[in-house]
Amino acid sequence: MPNKTELPRDWLDIATKEMKGADPKTLVWQTPEGIAVKPIYTAADLDGLEHLGSTPGQAPYTRGPKATMYAGRPWTIRQYAGFSTAEESNKFYHANLKAGQKGLSVAFDLATHRGYDSDHPRVVGDVGKAGVAIDSVEDMKLLFDGIPLDEMSVSMTMNGAVIPVLASFIVAGEEQGVDRAKLSGTIQNDILKEFMVRNTYIYPPKPSMRIVADIIEYTANEMPKFNSISISGYHMQEAGSTLVQELAFTLADGRDYVRAALDKGMDVDAFAGRLSFFFCIGMNFFMESAKLRAARFLWDRIMSEFGANERSRTLRTHCQTSGVSLQEQDPYNNVVRTAYEAMSAVLGGTQSLHTNSFDEAIALPSDFAARIARNTQLMLQHETGVTNVVDPLAGSYYVEKLTADLIEEAWALIEEVEALGGMTKAIETGMPKARIEAAAAAKQARIDSGQEVIVGVNKYTSGAQDPVEVRDIDNAAVRDAQIRRLKRIRETRDADANAASLAALEEVCRSGEGNILEAAVTAARARASVGEISWAMENAFGRHVADVATIEGVYEDAWGDDPAYKKTKATLTNFAEKLGRKPRVLVAKMGQDGHDRGAKVIATAFGDLGFEVTVGPLFQTPAEAAQLAVDEDVDVVGISSLAAGHKTLSPMVLAELASRDAADKIVICGGVIPSQDYDMLKEAGVKQIFGPGTNVLKAVEDLVALLEEQMRGRNR
């Protein structure tokens with residue numbers, strides 16, 4: 001195989017002349033994954049590549065899991081959606097299905113994800129905000145009212161509270177007159193990635209893996225048309241991983257799930273054909289397509305180790321365009337970003353696709369933005385001609401070599417995980433999470449320094465912003481409605497039957513005997529709520545609490561000797577000398593939002609620049625965050641918000657600080673916060689708001705200015 005950076009001699013001669021004697025080898029691009037991308041590829045680059053030679057629908061499936069691919073049937077348009085109440089989401093689903101959407105993909109609110117009923121005090125700012133609130137079978141029935149579950153494929157992104165949610169779905173189907181054997185769709189059920197990046201876990205890793213295996217077992221026996229797990233790399237890339245990390249860690253997760261099912265005594269081919277995958281598609285156009293090709297090749301290799309048949313070795317995937325690539329600045333640029341990402345996923349051979357709405361860097365998608373996102377896929381299917389040819393990128397010198405490079409790099413990382421004892425063990429060491437967080441910090445530094453161009457953010461900025469109408473959820477009204485429904489259910493159900501079903505569920509969890517999902521279905525029929533089922537399981541398993549860890553030096557290393565970085569660091573050093581110590585900042589995550597990429601990047605960058613940083617634990621209440629700020633004697637409380645809870649939680653933090661005689665602490669907010677909310681937050685006492693795309697160096701300069709102003713006020 002030719003060297004990764006070997007360039008053809010004849011091209012070098014011509015290129016040297018064009019570059020007026022400069023070395024053309026300077027055109028070789030080192031990707032964040034460490035892959036050398038040359039400016040030119042030839043047939044010589046394909047010599048000896050292992051993945052070449054097969055046809056679509058044939059092992060190792062590099063060219064696609066089906067022989068005809070989109071020429072036979074286009075990919076499924078499956079838009080991920082859910083907000084407010086089940087009734088509101090149901091209306092949205094009906095409108096989208098009428099407009100051409102072919103499958104449903106349900107987004108649940110964070111209270112549901114974390115196994116809390118809407119009346120729990122820890123979820124006051126989360127109910128109905130970043131998804132639909134589901135507390136019981138009654139909510140699930142309303143969610144799918146008028147949607148025949150024996151005809152419609154339903155995907156549900158749920159991991160932590162996967163047992164009560166899937167049980168409620170099964171019972172909702174029964175009460176709609178649909179036998180569970182006729183239910184089709186997918187439950188995400190991918191808990192390992194939650195411990196790495198998304199953090200909507202509930203129970204510790206070991207019982208969580210038992211839950212995964214029990215769902216695989218139950219669905220294999222009772223729900224032959226239902227995919228028992230969607231092994232997700234999406235949230236890894238959203239958390240900052242490189243494409244190699246996303247590919248390797250996702251497939252390594254899948255390997256551990258297969259082992260967990262085999263440990264229950266199952267035959268591999270009884271369940272493996274119903275495993276599916278979920279990948280993120282970002283802006284590295286050709287590499288994202290190559291990633292899907294490499295994923296199919298590697299999964300075939302992994303499943304061959306288990307002696308699986310052809311169907312069980314075939315990787316099928318859903319894809320979603322990147323959320324983190326979307327920008328608040330010049331938001332209509334996001335329409336273009338999403339279109340390119342969607343095309344990349346299609347050329348890579350995805351089986352279904354969600355396209356993000358352009359306003360998702362600002363708020364929940366509006367109807368206007370969601371229509372553009374859906375129509376992006378319809379145009380790809382009907383206007384571009386991409387569905388007429390099976391695997392149109394096959395044979396591309398560049399794409400095939402890129403596929404091979406990804407296979408090589410990802411397999412090396414998979415083997416590194418294997419040497420640690422598999423993915424579950426690797427997660428316990430913290431290795432995957434630390435690698436992803438380091439990649440995220442390095443990427444932020446490249447963006448802040450201009451090494452990585454984001455149009456409209458760090459280059460080609462337009463100045464004035466066009467106002468964008470956003471969807472705003474009245475969190476208090478949604479919560480009140482959910483609490484009223486919960487109250488009615490508790491008053492009208494058979495209390496003895498409910499209590500008995502929950503006790504039986506807890507015993508199944510404690511004893512290790514029986515199937516957890518089967519016991520939960522009985523509890524859901526008795527109208528046990530999502531929170532009650534989760535609580536019965538928590539009584540047996542406990543609730544997982546993650547260690548808070550940060551990394552150092554990565555952000556600074558990516559800047560090198562850049563003068564702008566040195567200038568900002570000097571500004572902070574000068575202020576620290578006036579203060580007599582390093583300024584202290586608390587990075588706080590409140591509510592049930594576990595997406596901590598932004599919080600961790602800020603903690604790393606601020607620490608490298610010279611702040612003393614305290615990172616609060618996930619899932620704090622406003623009172624807990626305020627108390628930590630007092631205990632650590634911080635100067636600044638930085639609230640990280642990505643799930644629309646800022647309007648409820650930020651004023652509560654300010655009130656809690658005031659009640660502790662700490663109203664002088666500077667409170668700032670960062671994350672996905674619509675500009676329409678800025679005035680309200682500032683009136684409440686928030687001093688500064690940093691939206692998506694904020695340059696970290698500028699944020700530090702602005703924060704130092706606030707601290708300087710505060711110091712001058714105290715000295716007057």
Side-chain angles (χ1 to χ4, degrees), residues 85-86 106 108-123 126-128 131-144 149 156 158-176 178 180 183 187 189 200-203 207-208 210-211 214-215 218-219 222-223 479 481-511 513-543 592:
T85 61
V106 182
F108 297 95
D109 73 356
L110 289 165
T112 306
H113 271 289
R114 293 270 293 150
Y116 292 114
D117 286 334
S118 296
D119 57 357
H120 198 285
R122 298 196 76 87
V123 299
D126 298 300
V127 177
V132 59
I134 297 293
D135 289 319
S136 71
V137 169
E138 295 303 321
D139 287 333
M140 197 69 81
K141 287 166 66 176
L142 287 169
L143 186 66
F144 297 112
L149 292 177
M156 293 181 285
M158 178 53 63
N159 303 285
V162 63
I163 288 287
V165 166
L166 184 52
S168 296
F169 174 73
I170 291 167
V171 176
E174 287 177 359
E175 297 186 8
Q176 200 186 79
V178 179
R180 72 190 71 167
L183 295 172
I187 189 79
N189 192 28
T200 55
Y201 44 71
I202 301 176
Y203 316 107
S208 294
R210 181 188 164 195
I211 290 167
D214 276 14
I215 289 171
Y218 183 93
T219 53
E222 304 286 338
M223 303 168 70
R479 188 165 185 258
Q482 291 299 121
I483 290 172
R484 286 195 299 273
R485 187 175 295 143
L486 274 168
K487 187 172 183 289
R488 284 198 303 273
I489 290 168
R490 289 168 182 158
E491 288 173 347
T492 57
R493 69 190 178 189
D494 183 328
D496 291 339
N498 177 65
S501 69
L502 290 172
L505 170 63
E506 184 175 335
E507 179 56 27
V508 168
C509 294
R510 284 189 190 280
S511 68
E513 300 295 325
N515 186 285
I516 298 171
L517 179 55
E518 184 176 10
V521 168
T522 301
R525 282 197 199 104
R527 290 310 186 263
S529 68
V530 167
E532 289 166 341
I533 292 173
S534 298
W535 181 250
M537 295 169 66
E538 186 177 335
N539 283 341
F541 295 146
R543 185 172 277 263
Q592 300 306 306

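These numbers come from a predicted model, not from an experiment.
With Asp117 contributing its side chain and His120 its backbone, the two residues share no donor-acceptor pair below 3.5 Å. No side-chain donor-acceptor contact under 3.5 Å links Ser118 to the backbone of Val127. The backbone N or O of Tyr203 lies less than 3.5 Å from a partner atom in the side chain of Ser208, making a donor-acceptor pair. Side-chain N or O atoms of Asn189 include none that pairs as donor or acceptor with a backbone N or O of Asn159 at under 3.5 Å.
Closest approach of Pro164 to Ser534, counting heavy atoms only: CG-OG, 3.6 Å. When all heavy atoms are compared, the tightest approach of Ala86 to Ile134 is CB-CD1, 4.4 Å. Taking every heavy atom of both residues into account, Ala526 and Ser501 meet most closely at CB-OG, 3.9 Å. Closest approach of Ala524 to Val171, counting heavy atoms only: CB-CG2, 3.9 Å. The shortest non-hydrogen separation linking Ile202 to Ala161 is CD1-N, 3.7 Å.
Rounded to the nearest 0.5 angstrom, Arg210 CZ and Cys509 SG are separated by 6.0 Å. The CG atom of Asn498 sits 12.0 Å away from the OG1 atom of Thr522 when rounded to the nearest 0.5 Å. A distance of 5.5 Å separates CG of Leu486 from CD1 of Ile489, quoted to the nearest 0.5 Å. We find the OG1-CG distance between Thr112 and Asp126 to be 10.0 Å, quoted to the nearest 0.5 Å. Here the OG-CG distance, from Ser529 to Asp139, works out to 10.0 Å after rounding to the nearest 0.5 Å.
Taking the salt bridge (charged side-chain N to carboxylate O under 4.0 Å, His left out) definition, one finds that Glu506 meets it with Arg510, sequence neighbours left out. Checked against ring pair (Phe, Tyr, Trp, His ring centres under 6.0 Å), Tyr218 has no partners two or more places apart in sequence or in another chain. Partners of Arg488 under the salt bridge (charged side-chain N to carboxylate O under 4.0 Å, His left out) rule, at least two apart in sequence or in another chain, do not exist in this structure.
Proximity of Arg543 to Arg114: side-chain heavy atoms (C-beta onward) are separated by under 4.5 Å at one or more points. Between Arg525 and Val137 the shortest side-chain heavy-atom distance does not fall below 4.5 Å. Taking the side chain as every heavy atom from C-beta outward, Met156 and Leu166 approach each other to under 4.5 Å. Considering only heavy atoms from C-beta on, Glu222 stays 4.5 Å or farther from Leu517 through its side chain. Using a 4.5 Å heavy-atom threshold, the side chains of Phe169 and Leu183 count as touching. Residues Leu502 and Ile533 form a side-chain contact, since some pair of their non-hydrogen atoms from C-beta on lies under 4.5 Å apart.
Look at Glu518 and Arg180 and you find no salt bridge, because none of the NZ, NE, NH1 or NH2 atoms lies under 4.0 Å from a carboxylate O. Salt bridge Asp135/Arg485: absent, no basic N to carboxylate O contact under 4.0 Å. Ion pairing of Arg527 with Glu138 is present here, as a side-chain N (NZ or NE/NH1/NH2) and a carboxylate O approach within less than 4.0 Å.
Side chains of Asp109 and Gln592: no donor on one and acceptor on the other come within 3.5 Å.
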Problem - Worked verdict on Leu505 versus Ile516 for side-chain contact (heavy atoms from CB on, under 4.5 Å) - result: CA-CA 7 Å; Leu505 170 63; Ile516 298 171; 4.0 Å; yes

